[in-house]
Amino acid sequence: MALKDKVALVTGAASGIGEQCARKLAADGATVVVADLNLPSATKVAEDIVRSGGRAVALSMDVTNEEAVNAGIADTVSRFGGIDVLVSNAGIQIVNRIEDYSFSDWKKMMAIHLDGAFLTTKAAVKHMYASGKGGAVIYMGSVHSHEASQLKSAYVTAKHGLLGLARVVAKEGGPHGVRANVVCPGFVRTPLVDKQIPEQAKVLGISEAEVVKNVMLKDTVDGEFTSLADVANTVAFLAGFESNALTGQSVVVSHGWFMQ
Ligand code: NAD
């Protein structure tokens, strides 16, 4: 119950990594706001957490929409008395070679990954500062916050950008006890990854098995996917680490794919 009495909002929490983070933070005692574009799925996750004895509510939020983000965070604060943890996790993947990457896809990627991180941070830190208790801001980066892969111009650019944002939030938030860090997973089997295996196979002209073995897991120490639990446990650790000693960092969880 390391997070007892804490209020955590997780974006993109209706599926995959965000869902597992919401479940883990609730299991550690936090009241969790399961925020997502997909309200029916977010509601199922929140109801499931409640059935297992945790505290959670679902919230419809498009992280690219300033009004929706501000309203969702204001609603969280008025309902639960504050916000202690923000996990900015919502994300998508669009793969293509740069010469074929449409400008509209590029803008969509920047909007979800970077505008979403900026808008949720801006709305949440105000309350963290005002409470006098500080808080934890955790961004879902990627090994692609440090490494590049072909076909992922927008994703790699956006995930690198999160490192810069986290470092600024760490500096500005430090005097208020607000810590900002980036969790950087390797490949995790979620709908986001399952969708891109056939897409990459098509663009690269190789089989789906080759995409997994020779593209996704090639540089890991053991040929293994990173698990949802590996990522959620790291997020929970950062959420509960209540000192500025650990801020402005990125924690890579990738079976050794990237070593810093
Ligand atoms: P996922 O597709 O399983 O879940 C993403 C969730 O984000 C979905 O529920 C979706 O509805 C939600 N979402 C999308 N656009 C949104 C918006 N505008 N506003 C609010 N919610 C929105 O994907 P995932 O694999 O769990 O990815 C979650 C995060 O982890 C992403 O930021 C992704 O880049 C990052 N990540 C994933 C992997 C991986 O291998 N799966 C690796 C590294 C980083």
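Whatever order the structure lists ligands and atoms in, that order sets their numbers, starting from 1. Given the structure is predicted, the values throughout are model-derived calculations rather than measurements.
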Which option out of [options] puts a heavy atom nearest to [atom]?
atom	options	value
atom 11 (O) of ligand 1	D36, T11, L37	D36
atom 13 (N) of ligand 1	A90, G18, A42, A14	A90
atom 26 (O) of ligand 1	V183, I17, V34	I17
atom 41 (N) of ligand 1	V87, V45, T190	T190
atom 7 (O) of ligand 1	A111, G141, G12	G12
atom 29 (C) of ligand 1	D194, V143, N89	N89
atom 3 (O) of ligand 1	S254, S15, A13	S15

Exercise. Could you note down all residue pairs passing side chain to side chain donor-acceptor pair (under 3.5 Å) where residues 6-16 supplies at least one of them, sequence neighbours left out?
Key: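 Only K6-E242 qualify under side chain to side chain donor-acceptor pair (under 3.5 Å).
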Looking only at atom types and distance, does a side-chain atom of [X] sit under 3.5 Å from a main-chain N or O of [Y], one as donor and one as acceptor?
X	Y	answer
T226	V188	no
N244	G174	yes
H160	H144	yes
N89	I17	no

